[in-house]
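Structure record follows, encoded as structure tokens.
The figures that follow rest on heavy atoms only: side chains count, while hydrogens, waters and symmetry mates do not. As the structure lists them, so they are numbered: ligands from 1, and atoms in each ligand from 1. These numbers come from a predicted model, not from an experiment.
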Amino acid sequence: MKLIKGDITKLEVDAVVNAANTSLLGGGGVDGAIHRAGGPAILEECKRIRAKQGGCKVGDAVITTAGNLPAKFVIHTVGPVWNGGKNNEETLLASAYRSSLALALEHKLSSIAFPNISTGIYRFPKDRAAEIAVNTVKEFLSANNAEIEVTFVCFDDENYRIYKELM
Ligand code: AR6
């Protein structure tokens with residue numbers, strides 16, 4: 001597991017993870033940045049998935065082309081909106097990380113980069129989200145004997161400081 005500070009759209013990894021929403025039709029934050037930098041091919045594939053299965057549930061993930069990004073694929077996952085913590089937010093956040101890793105395994109990917117899912121527009125407390133992210137990834141890799149290089153990409157200073165202390 002690696003930690004970097006920066007823009008996830010610049011990374012040359014097998015898959016970058018997008019913190020999407022259930023519509024899969026794009027939005028602000030990292031979702032907006034990925035669609036802007038990756039171009040229309042990503043949205044076209046999201047729309048095809050939407051037509052087939054009606055979007056993506058909270059905690060689930062889907063995989064598409066990465067369009068013009070240096071990565072090969074985008075894995076779109078949907079984290080929970082923080083609503084005080086009594087609506088299963090922690091379990092759903094862990095599930096978003098696990099679903100993304102399961103797709104990476106299924107597609108035999110060897111590297112994946114995660115943004116700090118749910119900690120922007122969805123307001124999940126950053127310190128708790130970081131603990132869940134790191135622990136869930138660690139447990140998934142060891143339980144599946146998976147050799148995937150996982151990079152946590154922090155965009156804001158606060159998340160970067162939290163992850164640095166944690167890792
Ligand atoms: N590279 C890496 N991380 C980034 C980038 C970037 N280019 N831009 C922002 N972040 P958010 P959420 C960080 O709000 O909370 C969208 O509208 C940001 O600093 O992108 O899961 C979707 O469509 C933060 O730490 O995602 C959904 O509706 C982290 O990415 C909703 O926002 C996540 O912040 C999802 O909200």
For residues 69-89, please give each side-chain donor-acceptor pair under 3.5 Å, one per line with the distance, not counting sequence neighbours.
unit_1 : atom_1 : unit_2 : atom_2 : d
Lys72  : NZ     : Asp14  : OD1    : 2.8
His76  : ND1    : Asn18  : ND2    : 3.2
His76  : NE2    : Thr64  : OG1    : 2.9
Thr77  : OG1    : Asp60  : O      : 2.8
Thr77  : OG1    : Ala96  : O      : 3.4
Asn88  : OD1    : Thr91  : OG1    : 3.2
Glu89  : OE1    : Lys86  : N      : 3.3
Glu89  : OE1    : Asn87  : N      : 2.7
Glu89  : OE2    : Asn83  : N      : 2.7
Glu89  : OE2    : Gly85  : N      : 3.0

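- Close approach of ligand 1 to Asn159 is summarised as follows: ligand atoms under 4.0 Å from at least one heavy atom of the residue are 25 (O).
- The shortest N or O to N or O distance between Ile8 and ligand 1 is below 3.5 Å.
- Taking a cutoff of 4.0 Å between a charged side-chain nitrogen and a carboxylate oxygen, Glu44 and Lys47 do not qualify as a salt bridge.
- Ranking the protein heavy atoms by distance from atom 25 (O) of ligand 1 puts Thr119 OG1, 2.9 Å first.
- Of the polar atoms of Arg123, none of the N or O atoms is found under 3.5 Å from an N or O of ligand 1, judged by distance alone.
- For atom 7 (N) of ligand 1, the closest non-hydrogen atom of the protein is Asp7 OD1, 2.9 Å.
- With Asn144 contributing its side chain and Ala146 its backbone, the two residues share no donor-acceptor pair below 3.5 Å.
- Annotation for ligand 1: atoms under 4.0 Å from non-hydrogen atoms of Ala19 are 21 (O), 22 (C), 26 (O), 35 (C).
- At the top of the distance list for atom 13 (C) of ligand 1, counting protein heavy atoms only, stands Phe155 CB, 3.8 Å.
- Taking atom 30 (O) of ligand 1 as the reference point, the nearest protein heavy-atom neighbour is Val30 CB, 3.9 Å.
- For ligand 1, the atoms lying closer than 4.0 Å to a non-hydrogen atom of Asp156 are 19 (O), 25 (O).
- The CG atom of Asp156 lies 7.0 Å from the SG atom of Cys154; values are rounded to the nearest 0.5 Å.
- Counting the atoms of ligand 1 from 1 in the order shown, those under 4.0 Å from a heavy atom of Ala33 are 7 (N).
- Checked by atom type and distance alone, the side chain of Thr65 pairs as donor or acceptor with a backbone atom of Gly67 at under 3.5 Å.
- Rounding to the nearest 0.5 Å gives a distance of 13.5 Å between CZ of Phe152 and CD1 of Ile162.
- There is a path of hydrophobic side-chain contacts, each under 4.5 Å, that joins Val137 to Ile148.
- Geometrically, ligand 1 and Ile121 share a nitrogen or oxygen pair separated by less than 3.5 Å.
- Under the 3.5 Å distance criterion, the side-chain polar atoms of Ser95 are matched with a main-chain donor or acceptor of Gly59.
- The single protein non-hydrogen atom nearest to atom 33 (C) of ligand 1 is Asn116 O, 3.3 Å, given as residue, atom name and distance.
- The nearest heavy-atom contact from the protein to atom 36 (O) of ligand 1 is Tyr122 CG, 3.4 Å.
- Counting atoms of ligand 1 from 1 in the listed order, those under 4.0 Å from a heavy atom of Asp31 are 22 (C), 23 (O).
- Side-chain atoms of Arg98 never come within 3.5 Å of backbone atoms of Phe140 as a donor-acceptor pair (strictly under, hydrogens ignored).
- The closest approach between a heavy atom of Ser118 and any atom of ligand 1 is below 4.0 Å.
- A salt bridge links Lys5 to Asp157: at least one charged side-chain nitrogen sits closer than 4.0 Å to a carboxylate oxygen.
- Under the 3.5 Å distance criterion, the side-chain polar atoms of Asn116 are left unmatched by any main-chain donor or acceptor of Ala130.
- Within the 4.0 Å heavy-atom cutoff, Thr9 does not count among the residues contacting ligand 1.
- Of the polar atoms of Gly28, at least one N or O is found under 3.5 Å from an N or O of ligand 1, judged by distance alone.
- Considering backbone and side-chain N/O of Gly120, one or more are found under 3.5 Å from N/O of ligand 1.
- Contact analysis puts Gly6 in contact with ligand 1, with a non-hydrogen atom separation below 4.0 angstrom.
- Contact atoms of ligand 1 toward Gly27: 17 (O), 23 (O) (distance under 4.0 Å to a heavy atom of the residue).
- Atom CD of Glu12 sits in a sparse spot, with 12 or fewer heavy atoms from other residues, nucleotides or ligands closer than 6.0 Å.
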